[in-house]
Amino acid sequence: TLPSLNLVYDLSKEVVLRGAVSRAMARQTFDLLSPGLRRDGTVLTKAYAGNPQLKPVHANQAEIGAEWYYADAALLSGTFFIKKLDTFTYKASKSEQVGGETLTVERPYNADNGADIKGFELQWQQPFGNSGFGTVVNYTFTDAKAGAVAGQPRLKVLGNSRDQFNFSGYYEKGPISLRVSYNYRSKSYGNVEMGGQVINAAYGQWDASASWDVTRQIALYASAVNINNEVIKSNTVDGIPVGMYENGARYSVGVRAKF
């Protein structure tokens, strides 16, 4: 069990202060740890493999924040956070002897130094009187810097977006519940391809859901995901397309029953 400490202080009936420090660990995924080797179908002297010697990523992290409950079901809060990673994973190609052949094998490796992550999160939750209508807005800013790796291009922290924004408008009254949401994240970064780090384009998605409690035991519901059919796009630092993924809009309806 890794250590953690959480503190809460009621400054007043409406204002709560929170703080936390902890140490966390994230294990590597099985595909990165797999020792299996795969030959390239075009360049026969090239291969790809995992690395069973990869170490997990440890993080020392802390946060401090305040919450202001200024009205019934209303909230305004802010949190500052900081995190220090002891390592991160990157991919590199090295010459290896495999079955009597010299191959250039691309494997994941642990960096000798880690990454520094800091930022803040703001949240606003506001019901509009007794109408049943309300909104929830959340914004997160993250400044993440990875350490340098000898012989490798300077990398951005994988998967990190500088800006993330979430907005929801809702109606909840009686047996009816309606919600429309928009989720946005700015560009993020992936693995190294063609000598540079992959850039995932900014992404924004609209979702919606509705439910009706017909009785205390039975409810009808409907949901719509990615209504605007947002496409995930990736390219190299030079603008060369790497991938485009169109998951499409998804709709569902159903019945929930309690016994």
Side-chain angles (χ1 to χ4, degrees), residues 24 26-32 57 59 61 63 65 77-83 85 88-91 108 111 114-126 134-146 152-171 177-210 221-253:
R27 299 186 185 278
Q28 303 290 351
T29 57
F30 287 113
D31 61 316
L32 293 179
V57 179
Q61 51 196 19
E63 64 178 53
S77 68
T79 302
F80 174 79
F81 58 86
I82 187 170
K83 181 181 296 187
L85 307 183
F88 63 90
T89 304
Y90 70 97
K91 290 186 177 181
D116 293 305
I117 302 172
K118 59 185 177 181
F120 62 86
E121 179 181 9
L122 302 174
Q123 181 176 337
W124 175 48
Q125 179 175 313
Q126 178 66 61
T135 186
V136 179
V137 181
N138 180 284
Y139 170 73
T140 302
F141 171 84
T142 306
D143 179 26
K145 292 182 172 62
Q152 298 291 323
R154 186 86 180 197
L155 299 178
K156 302 288 187 179
V157 176
L158 272 67
N160 179 71
S161 291
R162 184 175 182 269
D163 302 290
Q164 296 186 64
F165 173 78
N166 303 287
F167 162 81
S168 293
Y170 65 85
Y171 174 81
S177 177
L178 307 172
R179 184 174 293 264
V180 176
S181 302
Y182 178 72
N183 302 291
Y184 168 84
R185 63 181 299 171
S186 59
K187 66 181 180 181
S188 60
Y189 298 87
N191 291 313
V192 175
E193 299 280 352
M194 304 180 194
Q197 195 167 12
V198 171
I199 300 175
N200 302 310
Y203 183 87
Q205 175 177 307
W206 284 96
D207 303 322
S209 63
Y221 71 89
S223 66
V225 179
N226 194 21
I227 301 171
N228 55 324
N229 192 25
E230 184 76 341
V231 177
I232 302 173
K233 300 177 182 178
S234 302
N235 58 268
T236 66
V237 291
D238 298 321
I240 301 173
V242 174
M244 181 178 294
Y245 309 94
E246 183 177 357
N247 295 318
R250 302 182 297 281
Y251 304 94
S252 63
V253 294

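Keep in mind that the numbers below use all heavy atoms, side chains included, and drop hydrogens, waters and symmetry copies.
Using a 4.5 Å heavy-atom threshold, the side chains of L158 and T89 count as separate. Q126 is not listed as a side-chain neighbour of V137, based on a closest heavy-atom distance of 4.5 Å or more. Between D163 and Y139 the shortest side-chain heavy-atom distance falls below 4.5 Å. For the pair K91/L32, a side-chain contact is recorded, criterion being any heavy-atom separation below 4.5 Å from C-beta on.
Listed here is the closest heavy atom pair of A208 and I227: CB-CD1, 3.8 Å. Shortest non-hydrogen contact noted between S168 and R179 is CB-NH1, 3.6 Å. Taking every heavy atom of both residues into account, A202 and E230 meet most closely at O-OE2, 4.1 Å. Across every non-hydrogen atom of A146 and F88, the tightest pair is CB-CE2, 3.9 Å. Nearest approach of V136 to Y170, heavy atoms of both residues: CG2-CE2, 4.1 Å. What you find for V253 and A222 is that their closest heavy atoms are CG1-CB, 3.8 Å.
Between the OH atom in Y245 and the OG atom in S234 there is a gap of 5.5 Å [rounded to 0.5 Å]. Separating the CZ atom in F165 from the OG atom in S186 is a distance of 13.0 Å, to the nearest 0.5 Å. Here K145 contributes atom NZ and L85 contributes atom CG; the two are 13.5 Å apart, rounded to the nearest 0.5 Å. Atom CG of D116 sits about 7.0 Å away from atom CD1 of I82, to the nearest 0.5 Å. Between atom CG of residue N229 and atom CD of residue E246 there is a gap of 4.5 Å, rounded to the nearest 0.5 Å. We find the CG-CG distance between N160 and N200 to be 11.5 Å, quoted to the nearest 0.5 Å.
Atom CZ of R27 sits in a sparse spot, with 12 or fewer heavy atoms from other residues, nucleotides or ligands closer than 6.0 Å.
If you check the side chains of D238 and T236, you find no donor sitting under 3.5 Å from an acceptor.
A side chain to side chain donor-acceptor pair (under 3.5 Å) with N138 is found for exactly one of Q125, Q164, E121, namely E121.
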From CA spacing to verdict: side-chain contact (heavy atoms from CB on, under 4.5 Å), I199, Y189: CA-CA 5 Å; I199 300 175; Y189 298 87; 3.8 Å; yes
Take L122 and F141 through the side-chain contact (heavy atoms from CB on, under 4.5 Å) test and state the conclusion after the steps. CA-CA 9 Å; L122 302 174; F141 171 84; over 6 Å; no
Decide yes or no on side-chain contact (heavy atoms from CB on, under 4.5 Å) for R185 and T140, but give the supporting numbers first. CA-CA 9 Å; R185 63 181 299 171; T140 302; over 6 Å; no
Dump the intermediate steps for side-chain contact (heavy atoms from CB on, under 4.5 Å) on N183 and Y203, then the final yes or no. CA-CA 8 Å; N183 302 291; Y203 183 87; over 6 Å; no
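Note: F167 and W206 have perpendicular aromatic rings, judged against thresholds of 30 and 60 degrees for the angle between ring planes.
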